[in-house]
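In what follows, a single structure is set out as structure tokens and then discussed.
Excluded from the calculations below are hydrogen atoms, water molecules and symmetry mates; all remaining heavy atoms, backbone and side chain alike, are included.
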Amino acid sequence: MVVIRRMEHYYRKKKETTKRANNRGFSLVELIIVIAIMAVLVGVLTPMFTSYLHKSRVATDWANLRNYFSEIQADFTETGKHNPLVPTDPSDLNFYNRTEITFLDGRTVQMKDGVFFGDNKGAWLSDCILLQ
């Protein structure tokens, strides 16, 4: 009787250890399913994320252009004449394809996601078109 109880105890203990040994991690199928779900989420969210990035770059460009034109208008209001630093010559090759804003105080800002141009009277906010 004592021998049988010892054997039962031994086999019970062996079952518990093998049970624990088999539950040590995730199976390969579970990992593949998780990776597939993550791939689908990335595939769905990437276009939305790039759209948001584009919109934020365009908003940054518009804010920079508004600041630039406000500065030009304030300078014109103060002096009563056009500033020679403001490009107004349409014969210049870069007049219709500017990707950099040079403020009157010398700061330069690169356009993030577009170009801007004005008419031959000078680039004003109402004449400005931001190409996306």
Find the distance between [atom1] ([X]) and [atom2] ([Y]) and round it off to the nearest 0.5 Å.
{"X": "His82", "Y": "Phe76", "atom1": "NE2", "atom2": "CZ", "result": "5.0 Å"}
{"X": "Glu71", "Y": "Leu85", "atom1": "CD", "atom2": "CG", "result": "9.5 Å"}
{"X": "Asn83", "Y": "Glu78", "atom1": "CG", "atom2": "CD", "result": "10.5 Å"}

If only atom types and distance count, is the side chain of Thr77 paired as donor or acceptor with the main-chain N or O of Gln73 below 3.5 Å?
->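 Looks like yes, one N/O pair under 3.5 Å.
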
Between the main-chain N or O of Met111 and the side-chain N or O of Asp61, is there a donor-acceptor pair closer than 3.5 Å?
->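 Checked: no pair found.
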
In a table with atom names and distances, give each donor-acceptor pair under 3.5 Å that connects a side chain of residues 36-44 to protein atoms at least two apart or in another chain.
none

Determine, step by step, whether Tyr68 and Thr102 satisfy the side chain to side chain contact (heavy atoms under 4.5 Å, CB included) criterion, reporting the C-alpha distance in whole Å, the side-chain angles of both residues, the deciding distance to 0.1 Å, and the verdict.
-> CA-CA 8 Å; Tyr68 176 64; Thr102 304; 5.8 Å; no

Identify, with sequence neighbours excluded, every residue that meets side chain to side chain donor-acceptor pair (under 3.5 Å) alongside Arg107.
-> Asp105

Transitively linked via ILVMFWY side-chain contacts under 4.5 Å: Leu65 with Leu104?
->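 Yes; tracing contacts between hydrophobic side chains, which count when under 4.5 Å, links both residues.
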
In Asn64, Ile101, Thr99, the residue satisfying side chain to side chain contact (heavy atoms under 4.5 Å, CB included) with Gln110 is Thr99

Dump the intermediate steps for side chain to side chain contact (heavy atoms under 4.5 Å, CB included) on Phe103 and Thr108, then the final yes or no.
-> CA-CA 6 Å; Phe103 288 90; Thr108 57; over 6 Å; no

Distance-only criterion, 3.5 Å: show the donor-acceptor pairs between side-chain atoms of residues 25-34 and protein atoms not counting sequence neighbours.
| from | atom 1 | to | atom 2 | distance (Å) |
| --- | --- | --- | --- | --- |
| Ser27 | OG | Glu30 | N | 3.4 |
| Glu30 | OE1 | Ser27 | N | 3.0 |

